[in-house]
Amino acid sequence: MASTTLDVDSPQSTSSSGGKTFLGHPRGLATLFMTETWERFSYYGMRALLVLYLVAPVSKGGLGFNTATGLAIYSVYTAMVYLLALPGGWISDRLWGARKTVAIGGGIIMVGHFLLAVPAELSFFAGLALIAIGSGMLKSNISTMVGHLYPDRNDARRDGGFTIFYMGINLGAFLAPLVIGTVGQKVNWHLGFALAGAGMAIGLIQFLFGSRHLSKTSDIVCSPLPATERTAILRKAGLWLAIAAACYAVVGLSGVFTINWVLTPLSLAGIALPILVFTRMRRDHALSQDDKNKVSGFIWFFVAAAVFWMIYDQSGSTLTVFASDNTAGTLFGLGFPSSWFQSLNPLFIMALAPVMAWLWVSLANKAKNPSTSRKFVYGLVGIGLSFAVMMAAMAAASGGVKVSPLWLAMVYLVQTVAELCLSPVGLSVTTKLAPQKYASQMMGIWFLAVTAGDCVASLLQQFLGDSFLSTTSFAIQGAAAALAGFAIWMGRKRIGALMGDVH
């Protein structure tokens, strides 16, 4: 489909299909915006409660895990959510297409949240598994569908469109802790989880009714899976599942099983898998040399993003525990539950995302738009600085002092600016650099950066225990982010050459 120049100042301008646009963007962006808003409402609402529920005493309705184990479970769980985006993209490319995969994934997420509402530990972990599976199917493909709305990869509106889409993510993320967090902490944990399920149900209904505005490209199965290959894959999957079941049966019967028998293998797998994926892609003879060069350029961004997410994703774990244990629950005489802190980041994003979207387009019109590499450097330095602020907050909290909520507010503000420099731009460059054969899978691979970062954090949490919450730990992680930013800066010319015609 040929690209069409639109009057971006007029919401009534029409797309190439003759329909009205959404804020100067294709009409389908509104459908994807609202779907992601409700899906993120359900996910972030559950996430606001997850660590608090895991470490809450059994007498208070929680599961009673110690803090280090609760943090590690959280990190591994979020890692699995993003790891499963890779097979989610594969399902789209080989079996169902993006639109159908998103619809089915949304239904699985909804069921998973309602399972969390059942007050039983087995049901709880089964629900987490279903949410991870459904999120993997939905996340990689819904972002790819945003890219489908802009057939010209160098469309100047593309980064702005992803930033608007990113606002939908954060609208849901902002409301979720205020609603679900409050109900879960103040009324009943499982009622809060049920509200998350209701949110996903609304998002799924909205997607089904609005999908007619999406690009027809979203229905295409890029590389259909032959029946013979499908049978072989099912056999291999069954074999590996049988091996895993046998191994854990032996461990369980021997009486040595602990939660670390699950956490550690999954953490190591989350780090090893991206290496295997990139090796396979680089050796794929079906890809042209230009495609392989673009994959190599993408690897630079991937590693940098993994370091970024290692720190950023602790907002729902390390920072949540700090908020609960070391931060005052009142400000200007108003009290609030600790889960509300997780609304700060999306609130700041909604305030700043339009500014950043306007800034990138304005700079592009003046031929001064920073390169993707420079934007990544800004994001990495910013996330490192946020942990410098956390070091100061930890020092202020020494001796059992409850610090002002403004400390965490500053951390979230710095992280928000860093995120807006890196994450929407990372989503956009992923769709630009993706070889056609790996169109949806490439977005899944991008989310593997979150998996890798979270898995590193999980291993550190398991190894360091309670000392993970220390000024030394924050210093090391902040320095790692700064070093990653320096590496991107020094390699920016090489990266630009690998990206070829993508700007």
* Could you go through the ring-ring contact (aromatic ring centres under 6.0 Å, His included) check for Y312 and W309 one step at a time? => CA-CA 5 Å; Y312 179 88; W309 295 115; 5.1 Å; yes

* Excluding sequence neighbours, so at least two apart, what forms side-chain contact (heavy atoms from CB on, under 4.5 Å) with L406? -> L331, S404

* Asked: Of the options E419, Q477, Q415, Q314, which is the one that meets S386 in a side-chain hydrogen bond (donor to acceptor under 3.5 Å, both in side chains)?
  -> Q415

* Beyond-backbone contact of F348 with V417, side-chain heavy atoms, under 4.5 angstrom -> no

* Which atom names give the shortest non-hydrogen contact between A328 and P405, and what distance separates them? -> O-CG, 3.4 Å

* **Heavy-atom donor-acceptor pair, R40 side chain to L171 backbone, under 3.5 Å** => no

* Could you tell me whether the side chain of L268 reaches within less than 4.5 Å of the side chain of L459, counting heavy atoms only? => yes

* To do: Would you give the length of the straight line joining atom OG of S458 to atom CE of M310, rounded to the nearest 0.5 angstrom?
  => 13.0 Å

* Asked: Are V321 and V55 close enough that some pair of their side-chain heavy atoms sits under 4.5 Å apart?
  -> no

* Out of curiosity, L276 CG to I271 CD1, how far, rounded to the nearest 0.5 Å? -> 12.5 Å

* Which pair of heavy atoms, one from Q342 and one from G316, lies closest together, and at what distance? -> OE1-CA, 3.8 Å

* If a pair satisfies salt bridge (charged side-chain N to carboxylate O under 4.0 Å, His left out) and one of its residues is in residues 470-495, list it, with sequence neighbours excluded. => none

* Main-chain N/O of A120 paired to S123 side chain as donor or acceptor, under 3.5 Å -> no

* Asked: Is the NZ or CZ atom of K139 both under 6.0 Å from the centre of the six-membered ring of Y82 and within 45° of that ring's axis?
  -> no

* **Pairwise distance OG1(T471) to CD1(I476) - rounded to 0.5 angstrom** => 9.5 Å

* To do: Classify the ring geometry between W446 and F376 as parallel (under 30°), tilted (30 to 60°) or perpendicular (over 60°).
  => perpendicular

* To do: Spell out, as yes or no, whether a donor-acceptor pair under 3.5 Å connects the side chain of T37 to the backbone of F33.
  => yes

* How far apart are the C-alpha atoms of L263 and I73, what are their side-chain angles, what is the distance that settles it, and do they pass the side-chain contact (heavy atoms from CB on, under 4.5 Å) test? -> CA-CA 7 Å; L263 299 180; I73 292 173; 4.1 Å; yes

* Please report the closest heavy-atom contact between A305 and A449, naming both atoms and the distance. => CB-CB, 3.8 Å

* Just wondering, do R282 and V295 contact through their side chains at under 4.5 Å, heavy atoms? -> yes

* Asked: Would one find more than 12 heavy atoms of other residues, nucleotides or ligands at under 6.0 Å from atom CE of M350?
  -> yes

* Specify whether F124 and F193 have parallel, tilted or perpendicular ring planes, treating 30° as the upper limit for parallel and 60° as the lower limit for perpendicular. => tilted

* Asked: Is it true that a side-chain atom of S362 and a backbone atom of W358 form a donor plus acceptor pair closer than 3.5 Å?
  -> no

* Below 6.0 angstrom between ring centroids: does that apply to F41 and W38? -> yes

* **Euclidean distance, W189 CH2 relative to L116 CG, rounded to 0.5 Å** => 13.0 Å

* **Exam field: side chain Q462 to backbone T69, donor-acceptor pair closer than 3.5 Å** => no

* Structure fact -> d(T101 OG1, W90 CH2) to nearest 0.5 Å is 10.5 Å

* Taking atom types as modelled, is there a side-chain donor on S75 or D454 under 3.5 Å from an acceptor on the other? -> no

* Classify the angle between the aromatic ring planes of F125 and F65 as parallel (below 30°), tilted (30 to 60°) or perpendicular (above 60°). => perpendicular

* Under 4.5 Å between any side-chain heavy atoms of L363 and P370, yes or no? -> yes

* Asked: Would H113 and I109 count as a side-chain contact (heavy atoms from CB on, under 4.5 Å) if you check the C-alpha gap in whole Å, the side-chain angles of each, and the deciding distance to 0.1 Å?
  -> CA-CA 6 Å; H113 281 298; I109 293 170; 3.5 Å; yes

* Only one of V81, I180, D313 forms a side-chain contact (heavy atoms from CB on, under 4.5 Å) with R47, so which one is it? -> D313

* Determine yes or no for a side-chain-to-main-chain donor-acceptor pair under 3.5 angstrom, with T451 supplying the side chain and L83 the backbone. => yes

* Does the ring center of F463 lie less than 6.0 Å from the ring center of F468? -> no

* Structure fact -> Residues L54 and G70: closest non-hydrogen pair is CD1-O, 3.8 Å

* To do: Give me the one residue out of F336, Y412, F322, F174 that meets ring-ring contact (aromatic ring centres under 6.0 Å, His included) with F341.
  => F336

* Can you find a heavy atom in the side chain of L128 that is under 4.5 Å from one in the side chain of M46? -> yes

* **Test log, rule side-chain contact (heavy atoms from CB on, under 4.5 Å), inputs L422 and K375** => CA-CA 6 Å; L422 184 144; K375 292 174 183 177; over 6 Å; no

* For N141 and T144, test the side chains for any donor-to-acceptor distance below 3.5 angstrom and give the result as yes or no. => no

* Starting at CG of L334, measure out to OG1 of T330 and round the result to the nearest 0.5 Å. => 8.5 Å

* Structure fact -> Nearest heavy-atom approach of I311 to A481 is CD1-CB, 3.9 Å

* Side-chain donor/acceptor of S423 to backbone N/O of L420, under 3.5 Å -> no

* Can you list the steps and then say if L130 with L115 is a side-chain contact (heavy atoms from CB on, under 4.5 Å)? -> CA-CA 9 Å; L130 287 180; L115 281 177; 3.5 Å; yes

* Is there side-chain contact between Y43 and T78, with at least one heavy-atom pair below 4.5 Å? -> yes

* Min side-chain heavy-atom separation E39-S135 under 4.5 Å -> yes

* Asked: Can any side-chain N or O of S296 pair as donor or acceptor with the backbone N or O of K292 at less than 3.5 Å?
  -> yes

* Asked: Does a side-chain N-to-carboxylate-O contact under 4.0 Å join R280 and D284?
  -> no

* To do: Heavy atoms only: give me the nearest A323-L408 pair and the separation to one decimal.
  => CB-CD1, 3.6 Å

* Indicate yes or no for a side-chain donor-acceptor contact from K402 to the backbone of D325 under 3.5 Å, with no hydrogens or angles considered. => yes

* Asked: S470 side chain to S467 main-chain N or O, any donor-acceptor pair under 3.5 Å?
  -> yes

